[in-house]
*Asks:* 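Below you'll find the structure I mean.
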Amino acid sequence: MSPTMAVMRRELRSYFVTPVAYVFLVIFLVLAGILTFYTGDFYERGQADLQPFFTMHPWLYLILVPAVSMRLWAEEEKGGTLELLLTLPLTLRQAMLGKFFAAWLFLGLALALTAPLWITVNYLGSPDNGVILAGYLGSWLMAGAFLAIGACLSTLTRSQVVAFILTALICVLLILAGQPQVLDFFQGALPRKLINGVAHLSMLRHFEAIARGVLDARDLLYFLLTILAWLAAGVLVLDLKRTR
Amino acid sequence: MIETDQLTRRYGHLTAVDALSIRAEPGQVLGLLGPNGAGKSTAMRMIAGFLAPTSGTARVCGHDVRREPLRAKRALGYLPEGAPSYGEMTVREFLVFIARVRGLRAEVGYRRFEEVVGRLQLEDVLEQCIDTLSKGLRRRVGLAQAILHDPPVLMLDEPTDGLDPNQKHAVRQLIDAMARERTILISTHLLEEVHALCNRVVIIARGRLLADATPAELEQRSRYHGAVSFSAPGSGVSQEMLGRLPQVASIEVDPLDGRITVFPKPGVRILEPVEELLRQQGLEVSEIQLERGRLDEVFRHITTGAGAAERTA
């Protein structure tokens, strides 16, 4: 077994030996339900799709993903196990990927547990299941991007609270970057090209494109690159910490 | 084998490890000795690859920790200070995790697992969470983790710190048993440990190498080396008469228990003359002892100002 797999399995197991994972799953499912049915007017819209469900995901992840990612490295640092882990024969990249994949799979599980909603929609009407599948894919990719940001920021501090707040902050900026209110605010103050660039950085824009069922390679690439860049930055921080 | 070559680590202006060059060979138990904050743990962390050296380097079994970190880490079993482990895991899960990360194949891993668990007597706690274990057991789990892959080089940062005397004894026996074909580097600030375990000692303070010798050689540096001490309760042993012996340099009397210590002139044996004198005088001596030298005194001398200054001069 590769070291990455070993780390991933250890991490995944550690989620479920404490009640944290179950608490998280319950909160995730309850919030997802509430947001969909009340805020999203699931029934009142009279349409057989999961659009209101997915629309709420960025805001749901804003709170819940940092809660998963904050412990990834901060906890190891605080508990002294970082020294143990990093003196085992594995590279920083392998350790980072192992941790990331474990957390990403866990979020994938949380997402998969919302399947009853999908079944409900299919019972009530005949939705376009391709679009719904794309929505799930987009949602999982977005969760991965948030997670990668959190994994990187978790290396910066031994305090999980600080890691949580920093992650939530960056994520909210990335969500809001494409909102017209934000872009309008900078209209005139910044050159048009820069504003367009900022708009392209927006998570929301890429997520909504995928969730509409349009699988554009650029949107997928956006998420994959975001994930890789933040994970690489995290590895860099870990390496810098060895020399500091 | 462990070698360090001008190994240096700075934190801002503070130099934690200063151009340290040491060497430990197979079959050797090298004790890294020094006061708290001397740089022992920092040096070990660099050898283990957790910290990067500011300059200089270290080699484990010939693998440079900067150029071939993974090979160096594979050859090394390391017990970090305080024996950290994942508290929410059971002992079995933890050791299986270590075996997997170290890439032990199933059959080898299983054999090693059985052997290590037996050797450290962990059979009864295999299914317990590490969090629930006593300090001594946790230390043993840390040791198990370090020797699981049967490494040629073992590095243990204060392996007996915080253990009770029985546990200390057990850990020392284990280290002793493993010492024959391996290179072992242990750090400690316990001098008794040096006697019990090490066949070579490196003393560092403020990051610098101050002494590199066998325990016996260190003892010879003590002013107590070759001194004779005895208790003669209720008798007025004449210090004057002892002082008249040509071999005697000085005499001290312990103000608490009245024990008399006679110091020889350099390179002279005084046990026989002192005994002879005592017999001639017909003095009752309850017990008489030839001192080998006191490591604590040598340690203090070397690591506090006097010795350190002497050495750098």
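In what follows, chains carry the letters A, B, and so on, assigned in the order in which the sequence lines appear, proteins first and then strands, with residues in each chain numbered from 1.
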*Asks:* Using a cut-off of under 4.5 Å for heavy-atom pairs, which of B:A146, B:A72, B:G49, B:A106 has the most such pairs with chain A?
*Replies:* B:G49
*Asks:* Indicate the atoms forming the closest heavy-atom contact of A:L84 with B:P84, along with that distance.
*Replies:* CD2-O, 3.9 Å
*Asks:* Using heavy-atom distances under 4.5 Å, tell me whether B:R9 contacts chain A through its side chain, its backbone, both, or neither.
*Replies:* side chain
*Asks:* Counting heavy-atom pairs under 4.5 Å to chain A, which of B:Q145, B:R105, B:E93, B:R10 comes out on top?
*Replies:* B:E93
*Asks:* Counting only heavy atoms not in A:W118 (residues, nucleotides, ligands), do more than 12 fall under 6.0 Å from its CH2?
*Replies:* no
*Asks:* If you count every heavy atom of other residues, nucleotides or ligands that lies below 6.0 Å from A:R93 atom CZ, does the total exceed 12?
*Replies:* no
*Asks:* Please lay out, stage by stage, how B:R100 and A:M5 fare under the test side-chain contact (heavy atoms from CB on, under 4.5 Å).
*Replies:* CA-CA 9 Å; B:R100 282 178 180 158; A:M5 275 293 284; over 6 Å; no
*Asks:* If you round to the nearest 0.5 Å, how far is OH of B:Y78 from CG of A:L86?
*Replies:* 11.5 Å
*Asks:* What part of A:Q94 lies closer than 4.5 angstrom to a heavy atom of chain B: side chain, backbone, both or neither?
*Replies:* neither
*Asks:* Would A:V17 and B:M89 count as a side-chain contact (heavy atoms from CB on, under 4.5 Å) if you check the C-alpha gap in whole Å, the side-chain angles of each, and the deciding distance to 0.1 Å?
*Replies:* CA-CA 8 Å; A:V17 291; B:M89 299 179 98; over 6 Å; no
*Asks:* Should we say atom CZ of B:R119 is surrounded by more than 12 heavy atoms from elsewhere, each under 6.0 Å from it?
*Replies:* yes
*Asks:* Restricting to non-hydrogen atoms, name the atom on B:K73 and the atom on A:P89 that form the minimum distance, rounded to 0.1 Å.
*Replies:* CB-CA, 4.0 Å
*Asks:* Rounded to the nearest 0.5 Å, what separation is found between the OG1 atom of A:T243 and the CG atom of B:L51?
*Replies:* 9.5 Å
*Asks:* Relative to chain A, which segment of B:Y86 carries a heavy atom at a distance below 4.5 Å: side chain, backbone, both, or neither?
*Replies:* both
*Asks:* Determine whether more than 12 heavy atoms belonging to other residues, nucleotides or ligands lie under 6.0 Å from atom CZ of A:R242.
*Replies:* yes
*Asks:* In this structure, are over 12 heavy atoms from other groups packed under 6.0 Å from B:Y11 atom OH?
*Replies:* yes
*Asks:* If you apply the rule side-chain contact (heavy atoms from CB on, under 4.5 Å), what do you find for A:K241 with B:F50, and how did you get there?
*Replies:* CA-CA 10 Å; A:K241 276 187 149 179; B:F50 181 56; over 6 Å; no
*Asks:* In Å, rounded to the nearest 0.5 Å, how long is the span from NE2 of B:H149 to CG of A:L88?
*Replies:* 8.5 Å
*Asks:* Side chain, backbone, both or neither: which part of A:T91 has an atom under 4.5 Å from a heavy atom of chain B?
*Replies:* both
*Asks:* Within a strict 4.5 Å, meaning less than it, do heavy atoms of the A:R10 and B:V101 side chains meet?
*Replies:* no
*Asks:* Measure B:I98 against the heavy atoms of chain A and call it side chain, backbone, both or neither at under 4.5 Å.
*Replies:* side chain
